[in-house]
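One structure below.
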Protein chains: 2
Amino acid sequence: MTTSDRSRGPRGRGIPDATVARLPVYLRALSTLADDGVTTVSSEELATAAGVNSAKLRKDLSYLGSYGTRGVGYDVDYLVYQISRELGLTQDWPVVIVGLGHLGHALANYGGFASRGFAIRALVDADPDLVGTEIAGTTVSPLADLEEQVRQHAVAIGVIATPAAVAQDIADRLVAAGVSSILNFAPIVLSVPSQVEVRKVDMSIELQILAFHEQRKLAPGGRVASELARDLAEAIGR
Amino acid sequence: MTTSDRSRGPRGRGIPDATVARLPVYLRALSTLADDGVTTVSSEELATAAGVNSAKLRKDLSYLGSYGTRGVGYDVDYLVYQISRELGLTQDWPVVIVGLGHLGHALANYGGFASRGFAIRALVDADPDLVGTEIAGTTVSPLADLEEQVRQHAVAIGVIATPAAVAQDIADRLVAAGVSSILNFAPIVLSVPSQVEVRKVDMSIELQILAFHEQRKLAPGGRVASELARDLAEAIGR
DNA sequence: CTCACTTTGTGCGTACGTTCACAAGCGCCT
DNA sequence: AGGCGCTTGTGAACGTACGCACAAAGTGAG
């Protein structure tokens, strides 16, 4: 969200953010297909597997180039390669995870990272009982070594899985040490320099969005109590 | 994404999805302010705290009604109440969590749920060693009891924190048992009836999006190797 | 070679989201 | 009471995204 230059490069290059956000989904669907031995796939099939409509899929892929064959479809392996390349997954990205509570543990043990080119190179936690223990093959470093770990492993991407109270401080230290992308699981809005990219994952927010839609469904006539209350308030109040 | 009726109700009612997604962020910022003893806040201040621009914030809030005072700002407590009501957080939402690996543990222990009206009423897992143990004050039920637990607690929202392989099966069972909103942490595209709302949280996808932007930054002249390669391929290939 | 069929890639209309900029409204000071 | 300064609420312009529908381009049969 920080960087969203659409018009870079000579020929109107630059892929829309919405498309970038879907590419990983396509990639996963393609990997599944490849595992099943499928070698060629049509936009219709792939779109179904990825849960989008086929026109959108084709338009998304067209931003990468013209990698399909009319009348046939897309070569699965080739498309996997092209999308991976576009996303920068043909190289390995060293990652540091800060905070190893249940969530940090889950992240450290999640196989989906390594298989996509993300290498968890360092784990950092403030808890002395945790420091020195090994999680998913990596030894936990003390918080004091954060900067050293980042520099030593040339970490570009940091994952914050700490309590909210210390998240901003961790973010500041990560940025100061050279990290330029942060995945933040703490429920606060981080403030970072504009060249640093932050993405937020917030489970509580997702639940609240579900609650909103759920509440909507409860109203048989299409209007829920809160709407009636609001109309009433408006009619009287102002 | 399933339900997106913008034009419900008599007077062009219906809040844009983009706005709904931001309301929980505002809510959190407001709660923090309230804890700090702040009673009134301007759109500018609140926007800064929420990490958005103030015009957007005001437009978002205007969808709920006219709850500010010109020349003054918004009353913090009143706005908290109005947003909570709009999101349906003035009632309690019973939730079931399926899958209690590290992620499920993290979710079950996360205090941010309970404080927002979400009550974790049931925990379900397939692992016999886990069944019967207590996590965050709730006893883990066997997978076979999934439907019974859902019905017994009138669960409307289900959280899937299982391995991808079983997620679709769990989703089917949740839906059959009456759940109408699902928060899915498994890295697959769930297929559910259209009236069921699904939101997806996928950490691997977020990392891949970061990698894309990170890769962009590496190119000093604004063009990365992959772009040059693509242009070349196009120039020759077709 | 030609024709029928399939599927991609994209131009275009529409809907949605964001931002600017300002009129309307409120409180305070004199 | 009146004027001044501040902040909201919103009309309007802009930019982005979506999805239809079709031309372009490929395959395979006869």
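Residue numbers start from 1 in every chain, and the chains themselves are labelled A, B, ... in the order their sequence lines are given, proteins ahead of strands. Only a predicted model underlies this, so the values are computations on that prediction, with no experimental measurement involved.
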Whole angstroms only, please: what is the [atom1]-[atom2] distance between [X] and [N]?
{"X": "A:Tyr74", "N": "C:dT6", "atom1": "OH", "atom2": "C1'", "answer": "13 Å"}
{"X": "A:Lys56", "N": "D:dA17", "atom1": "NZ", "atom2": "P", "answer": "11 Å"}
{"X": "B:Leu57", "N": "D:dT8", "atom1": "CG", "atom2": "C1'", "answer": "11 Å"}
{"X": "A:Leu64", "N": "C:dT10", "atom1": "CG", "atom2": "P", "answer": "12 Å"}
{"X": "B:Arg22", "N": "C:dG17", "atom1": "CZ", "atom2": "C1'", "answer": "8 Å"}
{"X": "B:Ile15", "N": "C:dC16", "atom1": "CD1", "atom2": "C1'", "answer": "16 Å"}
{"X": "B:Asp75", "N": "D:dT7", "atom1": "CG", "atom2": "P", "answer": "16 Å"}
{"X": "A:Leu61", "N": "C:dT8", "atom1": "CG", "atom2": "C1'", "answer": "10 Å"}

Indicate whether OP1 or OP2 belonging to C:dG17 is found under 4.0 Å from a side-chain N or O atom of B:Tyr63.
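The answer is no; no side-chain N or O of B:Tyr63 sits under 4.0 Å from OP1 or OP2.
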
Phosphate contact (C:dT10 OP1 or OP2) by A:Lys59 side-chain N/O below 4.0 Å
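For C:dT10, neither OP1 nor OP2 has a side-chain N or O of A:Lys59 closer than 4.0 Å.
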
Indicate the atoms forming the closest heavy-atom contact of B:Leu89 with A:Ala211, along with that distance.
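B:Leu89 and A:Ala211 have their closest heavy atoms at CD2-CB, 4.1 Å.
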
Which pair of non-hydrogen atoms, one from A:Ile15 and one from A:Val20, has the smallest distance, and what is that distance?
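Where A:Ile15 meets A:Val20 most closely, the heavy atoms are CG2-CG2, 3.8 Å.
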
Backbone of [Y] reached by a side-chain donor or acceptor of [X] within 3.5 Å:
{"X": "A:Gln215", "Y": "B:Arg85", "answer": "yes"}
{"X": "B:Lys217", "Y": "A:Gln195", "answer": "yes"}
{"X": "A:Trp93", "Y": "A:Gly88", "answer": "yes"}

Do you see a donor-acceptor pair shorter than 3.5 Å between the side chains of [X] and [Y]?
{"X": "B:Glu197", "Y": "B:Ser181", "answer": "no"}
{"X": "B:Ser204", "Y": "A:Arg116", "answer": "no"}
{"X": "A:Thr40", "Y": "A:Asp75", "answer": "no"}

Under the rule for side chain to side chain contact (heavy atoms under 4.5 Å, CB included), what residues qualify as partners of A:Ala21, not counting sequence neighbours?
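Residues passing side chain to side chain contact (heavy atoms under 4.5 Å, CB included) with A:Ala21: B:Ile209.
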
Could you check which of C:dG17, C:dG9, D:dC18 has an atom nearest any side-chain atom of B:Asp17?
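Output: C:dG17.
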
Consider the side chain of B:Ala18, meaning its heavy atoms from C-beta on, and name the nucleotide among C:dG17, D:dA17, D:dT8 that approaches it most closely.
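So the nucleotide nearest the side chain must be C:dG17.
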
Please report the C-alpha distance between B:Arg58 and B:Ser43 in whole Å, then the side-chain angles of each, then the deciding distance to 0.1 Å, and finally whether the side-chain hydrogen bond (donor to acceptor under 3.5 Å, both in side chains) criterion is met.
CA-CA 6 Å; B:Arg58 288 199 300 277; B:Ser43 64; 3.0 Å; yes

According to salt bridge (Lys or Arg N to Asp or Glu O under 4.0 Å), does anything in residues 34-46 of chain B pair up with another residue at least two apart or in another chain? List the pairs.
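Listed once each, the pairs would be none.
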
Using rotation axes that map the C1' atoms of four end pairs onto the next four (five pairs an end), what angle separates the end axes of the helix from C:dC1-D:dG30 to C:dT30-D:dA1, to 10°?
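Axis angle across the helix from C:dC1-D:dG30 to C:dT30-D:dA1, nearest 10°: 0°.
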
What string of B, S and - do you get for nucleotides 22-30 of chain D, 5' to 3', when a contact is any protein heavy atom under 4.0 Å?
--BBSS---

Stretch residues 43-55 of chain A: residues that reach within less than 4.0 Å of DNA chain C through a heavy atom
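Within residues 43-55 of chain A, the residues near DNA chain C are A:Ser43.
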
Quick one: ring pair (Phe, Tyr, Trp, His ring centres under 6.0 Å) partners of A:Phe113, sequence neighbours excluded?
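For A:Phe113 the ring pair (Phe, Tyr, Trp, His ring centres under 6.0 Å) partners, ignoring immediate neighbours, are A:Tyr110.
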
